[in-house]
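To start, the structure itself, in structure tokens.
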Amino acid sequence: MSDKNPEYDFKWCPGCGDFGVRRALEQAVEKRTIELEEPIEQNVVVAGIGCSGNMVHLLEGPQPYGIHGLHGRTLPIALGVKMARPDLNVVIAAGDGDFLSIGMEHIAPQAQRNLNVCAVVMDNAVYGLTKGQGSPTASLGMVTPSTPYGKPEVSLNALRLYLAIGASYVASGISSKIKDLASLIYEGMEHPGFSIVHVQSPCTYFHNTYEQLKGNPRKGIAPLAWTIDDDHDPSDIHAAHEVVDKGGVPLGILYRDDAPVPFEDRMTEMFTRAKPRTAQELIESYAI
Ligand SMILES: Cc1ncc(C[n+]2csc(CCOP(=O)(O)OP(=O)(O)O)c2C)c(N)n1
Ligand SMILES: [Mg+2]
């Protein structure tokens, strides 16, 4: 998979959308590194478990730091990194199963905190690594190894969820439009708060959706993906909901809070007011 390291194998299938996401993430991190004149080690990729989790192995040569953590726990790990080292740029690489199924309980609390990280969520509507079971974003009736008679639940609209729980930056991209995706990720990293870039990243082996997403005029298939109008105002939450209501897969920035206060700023301010206590004082404070 690599000229410099021919023995290394990314374990992504040919055509996997995650290749495009990796390239976009590389471009975004590279741009940030150049613009801020920072070493690449100022960046940390916190990855979940899944095909998407391989995003932790990012670049050739100098690498961002990477933590390949636990399935569903990218956000708690990212919170820990950010609390210990608020100066680091933390990017999360998660799958739709990882983020929206087992990890679902963590999303809203981080939105309320406005944790200053950028989560890149790769949506292929399946659990790719464990052989194609349906994920929350799989559609009603979809036949998978875990739903042999069709999925009995309707699909989760992830963008609507992110807007509803108060994520302060919500963008939607597709793995095949690498430059656009790189810019959405770059903007998400720049945004001082909880950013989510939800990416359609098809699984060519278990659920190949390229044709549905891009359309095929010869077969009369209309594209699901469409670009958000230039006149959309991302600071308007109602307009963001209207974009989602139009259906399909909108591409671009849906919502961006104009004046977000990142969690680390609140914590830093709180530390200035917190009074240090001895162990004895602490124990006594718990005594009734
Ligand atoms: C706690 C826990 N539960 C289940 C698993 C098994 N497991 C590994 S990856 C995965 C699903 C991956 O799906 P997704 O997050 O969508 O990533 P993809 O492979 O599609 O990129 C599961 C269920 C695990 N590793 N740990
Ligand atoms: Mg998946």
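Note that the structure is a prediction, hence the values are computed from the model and not measured. Order of appearance sets the numbers: ligands from 1, and atoms from 1 within every ligand.
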G97 heavy atoms, cut-off 4.0 Å: which ligand 1 atoms fall inside?
14 (P), 15 (O), 16 (O)

same_hphob_cluster(L70, I92) at 4.5 Å side-chain heavy-atom cutoff
no

Take every heavy atom of I102, measure it against each atom of ligand 1, and state whether any distance is under 4.0 Å.
yes

Give the atom numbers and elements of ligand 1 that come within less than 4.0 Å of a heavy atom of L129.
9 (S), 19 (O)

Quick note on ligand 1: atoms under 4.0 Å from a heavy atom of D96 include exactly 14 (P), 16 (O)

Proximal candidate to atom 21 (O) of ligand 1 [heavy atom criterion; set G50, G72, S52, G95]:
S52

Sub-4.0 Å atoms of ligand 1 with respect to non-hydrogen atoms of C51
18 (P), 19 (O), 21 (O)

On a heavy-atom basis, I'd like to know which of D98, L70, V126, V121 is closest to atom 15 (O) of ligand 1.
D98

Residues two or more places apart in sequence or in another chain: which of them pass side-chain hydrogen bond (donor to acceptor under 3.5 Å, both in side chains) with N114?
S168

Any idea how Y127 and H71 line up, ring-wise: parallel (<30°), tilted (30 to 60°), or perpendicular (>60°)?
perpendicular

Are any non-hydrogen side-chain atoms of V44 and N89 less than 4.5 angstrom apart?
no

Angle class for the Y162/H198 ring planes (parallel below 30°, perpendicular above 60°, tilted otherwise)?
tilted

Ignoring waters, protein N/O/S atoms under 2.8 Å from the Mg ion (ligand 2) are D96 OD1, N124 OD1, V126 O

Considering the heavy atoms of G128, write down every atom of ligand 1 situated less than 4.0 Å from one of them.
18 (P), 19 (O), 20 (O)

Within the structure provided, determine whether R73 and I49 are in side-chain contact (heavy-atom separation under 4.5 Å).
no

